[in-house]
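Scroll down for the structure; my scribbles are underneath it.
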Amino acid sequence: MTQSRSFNVTPLVILALVALCIVLFAALVMSKTQPFGSTQSEGIPQHQQTFRWRMVTTWPKNFPGLGTTAEEFASMVNDMSGGRLTIHVHGAGEIVPAMGVFDAVSSGSVEMGHGGAYYWRGKSPATQFFTTVPFGMNAQEMNGWLHHGGGLELWRQVYEPFNIIPFAGGNTGIQMAGWFNKEINSLADLKGLKMRIPGLAGEVFNRAGGTSVNIPGGELYTALQTGVIDAAEWVGPANDLAFGFHEVARYYYYPGWHEPGSTLEILVNKPAFEKLPADLQTIVTYAARAANQDMLDQYTATNNAALNTLVNQHGVQLRRLPDEVLHELHAMTEQVFIEQAEQNDMFAKVWQSYKDFKQKSADWHKVSEESYYEIRSQNIQSEIKPTGNKLTQKSHQD
């Protein structure tokens with residue numbers, strides 16, 4: 001009798017175990033296929049909710065400096081949130097084209113983006129101030145204006161109609177003036193050139209007789225190599241060396257009159273941000289601040305070594321733009337500002353705030369930064385022995 005009962009119960013146990021396995025497997029599949037932007041379960045306390053977001057970028061995946069900053073931001077958010085907010089970063093073209101980032105975040109098809117505000121001047125001319133403008137503020141001044149001078153509030157006002165909340169998300173510092181295959185000795189040498197140069201600087205370049213185009217970074221090497229463009233500016237030595245521009249252009253010009261302190265941006269879809277609990281909103285905010293500073297630190301640490309490699313190992317001809325050219329470009333820049341302000345009230349409002357802060361910062365820097373650099377330059381040769389470095393020799397000649 002005992003054996004008979006055991007024999008009759010066993011199939012029921014087996015069926016129960018099979019059913020349990022099916023339920024557990026289904027639950028596992030559901031967790032793996034959970035849609036981006038949703039929480040793992042509804043109705044649970046906010047401090048236990050988890051979110052999966054996507055970030056699209058205007059840069060190639062993991063591109064040094066620009067692309068890696070987006071990855072580092074995502075990693076910081078994941079770590080600080082204990083995995084409650086995970087962000088998957090996509091390079092340009094993986095989900096949307098490089099120049100489709102703004103619209104993707106605005107529509108809510110993705111939750112975040114990483115790019116440069118001046119790419120979206122077609123949405124509002126005022127966006128350009130939140131990356132950089134010719135002869136404008138450097139990185140230190142941009143951070144001061146954005147975070148303590150009213151700039152960020154204006155930025156969010158400009159983006160409000162598009163359902164986007166912007167954050168500063170990196171700064172390249174002052175950039176190089178660009179790559180050319182002919183020497184620039186006067187303004188006349190710019191005439192007829194087709195150059196990749198975005199933002200207000202592109203308008204100024206057009207006035208100088210050239211033609212500006214806005215090409216994503218990932219396409220620049222081929223464009224230069226095939227003659228689609230005659231010249232290009234990208235960022236600076238660290239990035240330009242990685243892209244191999246020295247293989248397709250001969251002359252490397254400075255200073256970066258067009259981009260003296262280029263701020264990158266983290267764009268967040270407003271409805272998605274508002275769904276986050278307060279602590280996750282704070283984590284996003286301060287991870288962006290950390291990423292913003294860290295990018296500048298990286299470029300400060302790597303640009304000089306990359307420039308030495310370009311000049312000393314690859315034979316790049318380092319040149320300074322003539323003062324005459326810089327003075328004329330500056331005059332054209334002021335005229336572009338005036339005309340844009342007359343045509344767009346928001347541009348005028350942002351420009352007023354921007355130039356007021358720049359003037360106050362410049363007044364202070366005359367007795368701080370500028371005076372220190374001057375005395376440091378006078379004494380640095382007595383501190384450092386000559387190295388025979390071609391870069392150092394060339395800089396002294398200029």
Side-chain angles (χ1 to χ4, degrees), residues 30-44 46-63 66-117 119-120 123 127 130-131 152 155-170 216 263-292 295:
M30 288 295 291
S31 69
K32 293 295 186 182
T33 59
Q34 176 194 359
F36 282 92
S38 68
T39 57
Q40 286 186 349
S41 61
E42 302 297 332
I44 63 175
Q46 283 193 333
H47 69 276
Q48 296 178 10
Q49 291 179 357
T50 59
F51 300 80
R52 300 175 66 221
W53 281 11
R54 292 180 295 180
M55 172 188 277
V56 292
T57 73
T58 58
W59 335 112
K61 180 74 170 177
N62 286 317
F63 185 69
L66 306 177
T68 55
T69 293
E71 299 283 355
E72 289 162 3
F73 165 79
S75 178
M76 282 189 284
V77 169
N78 180 70
D79 291 345
M80 288 192 287
S81 70
R84 289 170 50 221
L85 175 55
T86 58
I87 301 168
H88 187 73
V89 180
H90 298 269
E94 289 184 15
I95 295 181
V96 298
M99 297 306 165
V101 168
F102 188 95
D103 287 338
V105 178
S106 177
S107 68
S109 60
V110 296
E111 292 79 21
M112 304 190 78
H114 192 250
Y119 291 148
W120 329 125
K123 306 294 183 182
T127 63
F130 304 111
T131 300
L152 184 59
W155 195 356
R156 292 182 175 175
Q157 187 177 341
V158 172
Y159 279 22
E160 176 67 26
F162 304 100
N163 279 326
I164 293 176
I165 300 174
F167 298 84
T263 298
L264 284 304
E265 64 178 356
I266 291 171
L267 308 95
V268 184
N269 177 263
K270 185 177 180 181
F273 187 76
E274 291 175 343
K275 289 178 182 178
L276 294 178
D279 66 322
L280 293 185
Q281 291 181 356
T282 300
I283 285 172
V284 169
T285 299
Y286 286 96
R289 288 286 285 269
N292 183 60
M295 180 189 286

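Partners of Tyr119 under the ring pair (Phe, Tyr, Trp, His ring centres under 6.0 Å) rule, at least two apart in sequence or in another chain, do not exist in this structure. Partners of Gln157 under the side-chain contact (heavy atoms from CB on, under 4.5 Å) rule, at least two apart in sequence or in another chain, are Leu154, Met346, Lys349.
For the pair Phe73/Ile266, a side-chain contact is recorded, criterion being any heavy-atom separation below 4.5 Å from C-beta on. At least one side-chain heavy atom of Phe51 sits under 4.5 Å from a side-chain heavy atom of Pro277. In this structure the side chain of Phe273 reaches within 4.5 angstrom of the side chain of Val284, judged on heavy atoms. Contact of the Asp279 side chain with the Arg84 side chain is registered, since non-hydrogen atoms from C-beta on lie closer than 4.5 Å.
Remark: the backbone N or O of Lys270 is not paired with any side-chain donor or acceptor of Asn163 at under 3.5 angstrom. In this structure, the side chain of Ser75 does not engage the main chain of Glu71 through any donor-acceptor pair within 3.5 Å.
Side-chain contact of Glu160 with Trp155: a donor-acceptor pair under 3.5 Å is absent, judged by distance alone. Between the side chains of His114 and Trp59, at least one donor N or O sits under 3.5 Å from an acceptor N or O.
A salt bridge is absent between Glu111 and Arg52; no separation between the charged side-chain nitrogens and carboxylate oxygens falls under 4.0 Å.
Within the model, atoms CD1 of Ile95 and CZ of Arg54 stand 4.5 Å from one another, a figure rounded to the nearest 0.5 Å.
Taking the ring centroids of Tyr286 and Phe167, they lie at or beyond the 6.0 Å cut-off.
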